[in-house]
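Shown next, in structure tokens, is the structure this report addresses.
Since we're looking at a predicted model, the values are computed, not measured. Protein chains get the first letters and strands the later ones, always in sequence-line order, with residue 1 at the start of each.
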Number of protein chains: 4
Amino acid sequence: MNKKREVESSVKDESLIAKRRSQMIRGAVTLFKQKGFHRTTTREIAKAAGFSIGTLYEYIRTKEDVLYLVCDSIYDEVHTRLAALDTENASIEVLKTALQHYYGLIDDMQDEFVVMYQESKSLPKDALQYVLNKEIEMVSLFERLLKECVESGELELTPKEITLASHHLFVQGQMWAFRRWALNDFTIEEFINMQTQFLLQGMAGEKISIQGA
Amino acid sequence: MNKKREVESSVKDESLIAKRRSQMIRGAVTLFKQKGFHRTTTREIAKAAGFSIGTLYEYIRTKEDVLYLVCDSIYDEVHTRLAALDTENASIEVLKTALQHYYGLIDDMQDEFVVMYQESKSLPKDALQYVLNKEIEMVSLFERLLKECVESGELELTPKEITLASHHLFVQGQMWAFRRWALNDFTIEEFINMQTQFLLQGMAGEKISIQGA
Amino acid sequence: MNKKREVESSVKDESLIAKRRSQMIRGAVTLFKQKGFHRTTTREIAKAAGFSIGTLYEYIRTKEDVLYLVCDSIYDEVHTRLAALDTENASIEVLKTALQHYYGLIDDMQDEFVVMYQESKSLPKDALQYVLNKEIEMVSLFERLLKECVESGELELTPKEITLASHHLFVQGQMWAFRRWALNDFTIEEFINMQTQFLLQGMAGEKISIQGA
Amino acid sequence: MNKKREVESSVKDESLIAKRRSQMIRGAVTLFKQKGFHRTTTREIAKAAGFSIGTLYEYIRTKEDVLYLVCDSIYDEVHTRLAALDTENASIEVLKTALQHYYGLIDDMQDEFVVMYQESKSLPKDALQYVLNKEIEMVSLFERLLKECVESGELELTPKEITLASHHLFVQGQMWAFRRWALNDFTIEEFINMQTQFLLQGMAGEKISIQGA
DNA sequence: CATGAATGAGATTTCATTCAT
DNA sequence: TATGAATGAAATCTCATTCAT
């Protein structure tokens, strides 16, 4: 399993920690989105969170901790929202539902996802590893769903095609977050529908020879 | 057109400028890849380029100029390599060739592309705009090719599908650069083939109802 | 006399003050020995003392107060232990007893003495003065004993020799606390004996011409 | 041997490094003497040295480096001045000359010695070790001189007495630096004479029983 | 043209102290 | 009395940029 990395706090009261960190994360996401992690100062984060620089450091140890908390909270949300889903005995129907939830999630937390993908490289090594593992977990979920569809005969894919397709599904999520400026005409429902359509067709259709016409 | 943003230099000799900047870009890409733009110091860039910090500043005005030069040089290369292609009267065949060249290019300049996509947000506004326009040009190229395939009857796509598909083509290029760690098993040829296959199938196949089985 | 400098406390109960301060001093000495006064935080002192930072500040006003209390408590102990001694009508025998008690004291409170000598410069001016006066009192005690030995004819020393010798006696005490690492082979008794021997001989012997052999 | 610990500098010119560091040491000693190492800020050091904070950090890496440079420069001076001495085939005469040079040195560099002994505990571990080794070298020098005097029959001392006496010689040096306030009446020559007198007598005289009168 | 020493604004982080509970 | 969360002044250190040589 991917063990959660603890961020030390000198404050004891757990519920207060949760509250302050949530203020902190909210402020940080906004700032990181605007100016990026490196151009944002810890003082700005504190201010945006609504408390003093000294208080900020009662709840974290380094600036990188803030970034980690942002990433971690995203995956907590992902976990909460996808856990609600029953993905046992996958079918294309289940896959579609999963995508709907996943893309919906990204739509709701667009800023957070953009920040995470843009800035995660600035995390300390162990935190980066933790976040990457979370990403792998996501991709693996899609992989499992696809594999089960193949096993049930609903899809016909080679193992390599499964791998590639699961990355597609994942990357299309990022695309919705990152390329919104180019996708203004699309509603999220439209996007989900078209992407699912493309994808299933790409996978399910009769193979077209890519050599001949 | 997207007017090239000039970077000022106090040196007059154009060929010397070209030479020094190319040393500079080479060094900078390596460093930016390793540690990111913000964690790389101008001293390090100068050293990696093989000259002193004083000399570095004879050829640029700010650190951000270095990043801009990196991005700009990538699009110069893109331009050079895709200009060789005859994309008039597009067909699926032409589209496939274009993809082959584009993905091949990304494969050759993986580090450069990663750096560009990761760090371009640190560019000053005008430089960022310039780079984004270059990106739009790329997407537009795919869009035009797809549109011509539709016009010639080789593909059947709505305008919105064309838009989305062209972004797909573009994003899959980024995917090859960014997710290489997950795609170790794939050769670039295999990747190109499978992606093209998926894509064309997704677009060309009989529409599958995504509601029913 | 050297008027005791009061440390303010918001707590009224004198016996509670005494108890808390003694906990505080015990913890502080250990910490100051390990890391020095400046590298020790008030939080650490509170923790080592067994109560909260808030409580610490109920019994002192500033961090320097803690250092002062440490120094003061040392001289309280010195006072208590040397007061037991009858040093009226001094003789060499009395001097020897005094040294035995003084060096024995230093042996018992090594950490405290080291801390005091190393850190007392960080005391606020008035507190430093108070501590220096205590030191002068100590030296004066030795001076008086020596003077009385001279008066009684047991020793033959000029006034300047008395001054110097009394500082010697004092400094040798510090030496036992500070250079323990180099004096591992010596027991405290051995040390006392040899030092007394050296000293009395140095003072009592026939003068050797330091010019000729 | 005690390998010199290098302090890194980003400046290349060795003679400039020497010059700037000497300015730095001069300023630092004054400040450390007045306020101690911890109460002195790096900005103050830079100012006292006559340059900016940025420049200071071109010649050191951490504040502790300044302290190390101070200590190191003292021992360089000690080395230079004592190396002039011929201490082969020691005699009491040679010992006396050595003391004269050593105490004279301390007299000349009183501030430096006080700072070194008061603040060296703040050095990083390896630097502290280096400085302690230098101290041991000094004590060993005295030890050797005493041993040779014993071998030549000029002094009669047990090995333990030699150890203790060499520490005495060393500590009396510190005493001259630290207790100057109490030794105002003494000239350095007087001090040297009296100390040598005391010492040699303490060592050379007929042993007095310290039990009886 | 090339060099590299000098600069100082600005960033992160610590910690003594306060005060509401 | 006891607690510990909040505060912000102040300290160390970095690094883009300049400019005299």
With rounding to the nearest 0.5 Å, note down the distance linking NZ in A/K125 to CG in A/L128. 9.5 Å
Is the phosphate of E/dA6, meaning OP1 or OP2, less than 4.0 Å from a side-chain N or O of D/Y59? yes
Presence of B/S52 side-chain N/O under 4.0 Å of E/dT3 phosphate oxygens OP1/OP2: yes
Side chains of A/V66 and A/F37: closer than 4.5 Å at any heavy-atom pair? no
Starting from the 5' end of DNA chain E, give me the residue, C/R39 or B/F51, whose nearest nucleotide shows up first. B/F51
Using a strict cut-off of less than 4.0 Å between a Lys/Arg side-chain nitrogen and an Asp/Glu carboxylate oxygen, indicate whether A/K3 and A/D126 qualify as a salt bridge. no
Would a 4.5 Å heavy-atom cut-off, applied to side chains only, mark C/T30 and C/K33 as touching? no
Counting just side-chain N and O atoms, does A/T55 come under 4.0 Å of either OP1 or OP2 of F/dA5? no
Which part of the nucleic acid, if any, lies within reach of B/S10 when heavy atoms closer than 4.0 Å are counted: base, sugar-phosphate only, or nothing? nothing
When you look for runs of 3 or more Watson-Crick or G-U pairs in a row, both distances below 3.5 Å, which of them include DNA chain F? E:2-21 with F:2-21
Length of the line joining A/L56:CG and F/dT7:C1', which is rounded to integer Å: 13 Å
May I ask you to test the A/K121-B/E119 pair for a side-chain heavy-atom distance under 4.5 Å? yes
Is there side-chain contact between A/M24 and A/L56, with at least one heavy-atom pair below 4.5 Å? yes
Which of residues 13-23 of chain A have a heavy atom under 4.0 Å from DNA chain E? none
Output all residues satisfying side chain to side chain donor-acceptor pair (under 3.5 Å) with B/E58, sequence neighbours left out; order by chain, then residue number. B/S10
Mind checking if C/K47 touches a base, just sugar-phosphate, or nothing, with heavy atoms under 4.0 Å? nothing
Across all chains, not counting sequence neighbours, the side chain to side chain contact (heavy atoms under 4.5 Å, CB included) partners of A/A127 are A/R5, A/Y68, A/L123, A/P124
Enumerate the side chain to side chain donor-acceptor pair (under 3.5 Å) contacts for residues 14-26 of chain C, please, sequence neighbours excluded, ordered by first and then second residue. C/D13-C/S15, C/R20-C/Q23, C/S22-C/R26
Just wondering, do B/Q118 and B/F32 contact through their side chains at under 4.5 Å, heavy atoms? no
Any side-chain heavy-atom pair of A/E112 and A/E77 under 4.5 Å: no
Kindly give the atom pairs (protein nitrogen or oxygen, nucleotide nitrogen or oxygen) under 3.5 Å for nucleotides 16-18 of chain F.
| unit_1 | atom_1 | unit_2 | atom_2 | d |
| --- | --- | --- | --- | --- |
| F/dA16 | OP1 | B/K63 | NZ | 3.2 |
| F/dA16 | OP2 | B/T42 | N | 2.7 |
| F/dA16 | OP2 | B/T42 | OG1 | 2.9 |
| F/dT17 | OP2 | B/Y57 | OH | 2.7 |
| F/dT17 | OP2 | B/K63 | N | 2.8 |

By nearest nucleotide on DNA chain F, pick out whichever of C/G50 and A/G50 is the more 5' one. C/G50
Quick one: C/D65 CG to E/dA16 C1', roughly how many Å, whole number? 12 Å
